[in-house]
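Everything below concerns the one structure shown next.
Note that the structure is predicted; figures quoted are calculated from it, not measured. A, B, ... follow the sequence lines: proteins, then strands. Residue 1 opens every chain. Only this structure's heavy atoms are used, side chains among them; waters, hydrogens and symmetry mates stay out.
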Amino acid sequence: MAYWLMKSEPDAFSIDDLAGSPDATAPWDGVRNYQARNMLRDQMQVGDQVLFYHSSCAVPGVAGLAEIVRSGYPDPTAWLPDSPYYDPKSSQDKPRWYCVDVRFIGRFEKVVPLSILRGQPELSDMPLLRPGNRLSVMPVEPHHWMIILHLAGWTAPSH
DNA sequence: GCCAACGTTGGC
DNA sequence: GCCAACGTTGGC
């Protein structure tokens with residue numbers, strides 16, 4: 001099982017939007033970056049865990065957890081002429097873009113802000129914190145995952 | 001294949 | 001709204 005971080009602008013799609021989706025599941029579509037596309041298409045597997053990151057907002061940071069429930073498949077929004085993600089160069093035969101389905105696991109009591117992440121020397125080698133990194137999907141090392149869940153005060157929901 | 005121009009991302 | 005960093009585009 002692998003760990004990932006996925007960025008979303010909460011004004012467009014927040015962790016609460018995911019929680020409120022049917023079956024708390026939604027496609028992670030609209031990614032239009034080749035490096036991120038390759039991870040969606042080739043690497044992300046059902047059961048992988050995801051840090052849901054809020055970007056371009058008042059307090060950017062990790063807002064909660066999700067998991068992959070469907071591995072990479074062609075992103076249908078690329079075929080919709082009315083979609084902001086439409087790409088005429090993506091065909092049914094040769095899809096250019098891919099997406100996965102993610103399901104809500106939990107929301108952190110408080111967002112773990114980017115500023116706090118930057119304050120942790122142990123996290124300094126996270127791609128997220130590297131200057132100029134603009135990837136919207138990136139892998140997370142297990143020890144980084146543990147540190148962030150600890151910062152969030154996260155305890156798995158009991159049943 | 002180079003590289004300038006342009007567009008996008010995303011923190012601040 | 002600004003701007004740095006980076007990716008993409010397209011002329012040559």
Side-chain angles (χ1 to χ4, degrees), chain A residues 2-21 26-44 48-68 72-102 104-141 143-145 147-154:
Chain A
Y3 298 113
W4 303 94
L5 181 144
M6 301 174 86
K7 291 183 185 174
S8 182
E9 301 187 17
D11 289 346
F13 189 76
S14 72
I15 192 161
D16 292 328
D17 293 326
L18 178 61
S21 296
W28 200 279
D29 53 23
V31 174
R32 298 292 178 265
N33 169 282
Y34 288 103
Q35 218 181 326
R37 187 276 311 270
N38 294 344
M39 289 188 269
L40 293 166
R41 186 187 60 191
D42 305 330
Q43 292 181 247
M44 303 181 84
D48 286 358
Q49 307 285 107
V50 175
L51 297 172
F52 194 120
Y53 182 91
H54 282 175
S55 65
S56 295
C57 55
V59 183
V62 183
L65 301 182
E67 66 180 325
I68 306 297
Y73 63 98
D75 182 346
T77 65
W79 300 325
L80 305 175
D82 291 338
S83 167
Y85 305 124
Y86 178 61
D87 182 354
K89 292 176 184 161
S90 183
S91 67
Q92 301 267 345
D93 284 352
K94 291 194 95 182
R96 175 172 295 202
W97 304 113
Y98 282 72
C99 59
V100 298
D101 287 354
V102 299
F104 176 79
I105 292 179
R107 190 184 201 287
F108 293 157
E109 206 166 309
K110 284 183 181 173
V111 169
V112 179
L114 180 62
S115 57
I116 295 292
L117 299 179
R118 289 200 189 283
Q120 311 298 316
E122 311 92 324
L123 298 180
S124 59
D125 51 337
M126 284 188 80
L128 175 73
L129 306 181
R130 278 208 305 261
N133 175 58
R134 295 183 309 164
L135 267 183
S136 64
V137 173
M138 61 194 100
V140 175
E141 299 294 330
H143 66 286
H144 294 154
W145 176 273
I147 292 167
I148 292 169
L149 262 58
H150 180 74
L151 290 170
W154 172 260

Is the shortest side-chain N/O distance from A:Lys7 to OP1 or OP2 of B:dT9 below 4.0 Å?
-> no
Please state how far atom CD in A:Glu9 lies from atom P in B:dG10, giving the value in whole angstrom units.
-> 7 Å
Distance in angstrom units between A:Arg130 CZ and C:dC6 P, rounded = 10 Å
Starting from P on C:dG7, measure out to OH on A:Tyr34 and report it in whole angstrom.
-> 13 Å
Give a yes or no on whether A:His150 atom NE2 has more than 12 heavy-atom contacts from other residues, nucleotides or ligands under 6.0 Å away.
-> no
Across the strands shown, which category fits A:Ser56 at heavy-atom distances under 4.0 angstrom: base, sugar-phosphate, nothing?
-> base
Here the distance between atom P of B:dT9 and atom CE of A:Met138, to the nearest Å, is 14 Å
Could you tell me whether A:Glu122 atom CD has more than 12 heavy atoms of other residues or ligands within 6.0 Å of it?
-> yes
Give me the one residue out of A:Arg37, A:Arg32, A:Arg41, A:Arg96 that meets side-chain hydrogen bond (donor to acceptor under 3.5 Å, both in side chains) with A:Asp75.
-> A:Arg32
Nearest-Å distance for atom pair CG/P, residues A:Leu117 and B:dC12 = 11 Å
Integer-rounded Å distance: C:dT8 P and A:Arg37 CZ = 10 Å
Among C:dC6, B:dC12, B:dG10, which is the nearest nucleotide to the side chain of A:Arg134?
-> C:dC6
When you check the side-chain N and O atoms of A:Tyr73 and A:Asp101, is any donor under 3.5 Å from an acceptor?
-> yes
Which whole-number value in Å describes the distance from A:His54 NE2 to B:dT9 C1'?
-> 17 Å
To the nearest Å, how far apart are A:Asn33 CG and B:dG7 C1'?
-> 14 Å
Could you tell me whether the phosphate oxygens of B:dG11, OP1 or OP2, come under 4.0 Å of any side-chain nitrogen or oxygen in A:Tyr53?
-> yes
